[in-house]
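All remarks here apply to the structure that follows.
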Amino acid sequence: MSLSLVLRGAVRCNAANLVKSARITPLKAYSTIVANAQRQTLKPLALTKVVAPVVREICVSAPRMASAGSSHTALWTLERLVSAGLLAIIPAAFIAPSQILDALLAISVVIHAHWGVEAMVVDYMRPAVVGNILPKVAHIALIVISVATLGGLFYYIQNDVGLTNGIKRFWAIKGKDAEEKQQS
Amino acid sequence: MAAANRQVSLKVVSAGSTVKEETYFEKNERLGREMSPHLTIYQPQLTSMLSIMHRGTGMALGVGVWALGLGALISSHDINHYVTMVEGLQLSGATLTALKFIIAYPAGYHTANGIRHLFWDTGRFLKIKEVYSTGYAMVATSFVLTAILALI
């Protein structure tokens, strides 16, 4: 409505003059009006059908969300290499037990489990849901657990029968009827 | 032509004025709104069920590894002590095989599905028909693998 009032007295129907004369937008805001090329050829009366200008707020400095500082692809590739490597190291360590293979197995399994649980923590402990402190605490706790687990497994390998040998011993436990058959 | 009549203006504002006082969740809680059903209404499909099983079996295996490693740090006995403890339970052969099957199944499933994941990572079997057929094949493989492990 204000547009049509303005246009009766307007000398030039261009965008900048419209803004200044009609004071559609407040003085403090800096605004640009996208003028349609065809409007300049339209008769003034036809402009009364025009809808009031649509004003959208845009923010020029995009807020920095959870953006990564570096490329993720190297880590991704390493994760897949370790996963594929596990397919080889697990049978190898059980078929030919040795301290070196046991150590390789322990490292591969712990780092694979660490990455897996880390993905779960990132997926489920979202700051929008659980707050800002809990995800960080969970990440640190996971690192502590992984380091401690690796330490414990190395202790096994060094001071006890070994990782794969220990698992084999549990697996070799015979049922009581099997023992009776052996005795008779 | 009619659409050309609309005037559009853009107002540039500072970043600070767009920051809200409360989060999306805080606002909806304040307004007393319930969350729409999502997990309770979405139909379970082979894709999603196998995927969450992969995560579940992975977590189970992870807990097992942690128990082994942390147990070694905490316990004051060597592993033979615990082997003797379990032998003392005097379980029958059938019970033991069943227990070994249950313990080994997460490993069998996670290994079989892990191989399926690695195939996907090379770009293979990504069509939906292939996802389903490899899914069924993987479940069968997991049982075979677990049976082999339980009978060793």
Side-chain angles (χ1 to χ4, degrees), chain A residues 19 24-25 29-36 38-39 42 46-47 49-63 80 83-84 86-87 90 106 109-110 113 116-117 120 128-129 145 148-153 155-156 159-161 163 166-167 169-171 173-178, chain B residues 1-2 4-19 23-25 55 58-59 61-75 78-80 82-83 86-87 89-97 100 103-104 107 110-111 114-115 117-118 121-122 149-150 152:
Chain A
V19 174
I24 298 164
T25 48
Y30 176 76
S31 59
T32 55
I33 296 182
V34 179
N36 196 303
Q38 288 170 317
R39 291 180 95 280
L42 281 172
L47 287 167
K49 284 191 212 162
V50 171
V51 177
V54 174
V55 179
R56 276 193 221 117
E57 290 186 357
I58 60 164
C59 177
V60 274
S61 61
R80 314 299 128 158
S83 305
L86 270 172
L87 284 175
I90 293 178
V109 164
V110 167
V117 177
M120 288 177 71
V129 177
I145 291 175
T149 304
L150 192 60
L153 290 175
Y155 178 82
Y156 251 161
N159 301 328
D160 211 320
V161 291
L163 189 53
I167 296 173
R169 284 203 189 176
F170 266 111
W171 219 246
I173 293 173
K174 291 274 174 281
K176 93 186 142 146
D177 33 5
Chain B
M1 266 282 273
N5 286 337
R6 197 169 77 138
Q7 224 178 354
V8 174
S9 73
L10 302 171
K11 185 168 92 174
V12 174
V13 298
S14 67
S17 66
T18 59
V19 170
T23 68
Y24 175 86
F25 296 98
R55 204 163 238 201
M59 188 74 225
L61 290 169
V63 167
V65 169
W66 289 348
L68 259 179
L70 298 174
L73 286 178
I74 300 172
S75 90
D78 65 339
I79 201 168
N80 278 316
Y82 295 104
V83 173
V86 175
E87 275 171 351
L89 291 172
Q90 295 279 337
L91 299 165
S92 72
T95 314
L96 275 171
T97 309
K100 277 156 74 168
I103 293 173
H110 197 82
T111 306
I115 298 172
H117 258 96
L118 287 172
D121 290 335
T122 64
L149 286 173
I152 292 178

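Every chain is numbered from 1 and lettered A, B, ... according to where its sequence line falls, protein lines coming before strand lines.
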Original post:
Does a sphere of radius 6.0 Å around OH in A:Tyr155 hold more than 12 heavy atoms from other residues, nucleotides or ligands, not counting ones at 6.0 Å or beyond?
Top reply: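 Atom OH in A:Tyr155 is not crowded, with 12 or fewer foreign heavy atoms closer than 6.0 Å.
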**OP:** Under 4.5 Å, counting heavy-atom pairs only, tell me which of A:Val110, A:Val161, A:Ile173 racks up the most with chain B.
**Re:**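 Looking at each option in turn, the highest pair count goes to A:Ile173.
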**OP:** Report the option among A:Leu153, A:Val109, A:Asn159 that has the most heavy-atom pairs separated by less than 4.5 Å from atoms of chain B.
**Re:**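 Going by pairs under 4.5 Å, I would pick A:Leu153.
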Give me the atom names and distance for the closest heavy-atom approach of [X] to [Y].
X: B:Leu73; Y: A:Gly151; value: CD2-C, 4.4 Å
X: B:Ile79; Y: A:Gly166; value: CD1-CA, 3.6 Å
X: A:Gly152; Y: B:Ala72; value: O-CB, 3.4 Å
X: B:Leu96; Y: A:Lys174; value: CD1-C, 3.5 Å
X: A:Trp171; Y: B:Leu149; value: NE1-O, 2.8 Å

Subject >> Which of B:Thr95, B:Ile103, B:Asn80 touches chain A most, by non-hydrogen pairs under 4.5 Å >> reply: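 Option with the greatest count: B:Asn80.
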**OP:** Find the one option among B:Ser92, B:Ala150, B:Gly62 whose heavy-atom pairs under 4.5 Å with chain A are most numerous.
**Re:**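 So the answer, after comparing B:Ser92, B:Ala150, B:Gly62, is B:Ser92.
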Original post:
Are any non-hydrogen side-chain atoms of B:Thr111 and A:Leu86 less than 4.5 angstrom apart?
Top reply: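 Not touching, per the 4.5 Å side-chain cut-off.
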**OP:** Please examine the side chains of B:Leu118 and A:Leu87, heavy atoms only from C-beta on, and report whether any two atoms are closer than 4.5 Å.
**Re:**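 Yes, side chains in contact.
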Subject >> Contacting region of B:Tyr82 [heavy-atom separation from chain A under 4.5 Å] >> reply: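 For B:Tyr82, the contact with chain A is made by backbone and side chain together.
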Subject >> Distance (rounded to the nearest 0.5 Å) between B:Lys100 NZ and A:Phe170 CZ >> reply: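 So the gap between those two atoms works out to 12.5 Å.
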Subject >> Distance in Å, B:Leu70 CG paired with A:Thr149 OG1, rounded so as to fall on 0.5 Å steps >> reply: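 Taking CG in B:Leu70 and OG1 in A:Thr149, the distance rounds to 4.0 Å.
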Original post:
Can you list the steps and then say if B:Asp78 with A:Tyr156 is a side chain to side chain contact (heavy atoms under 4.5 Å, CB included)?
Top reply: CA-CA 9 Å; B:Asp78 65 339; A:Tyr156 251 161; over 6 Å; no
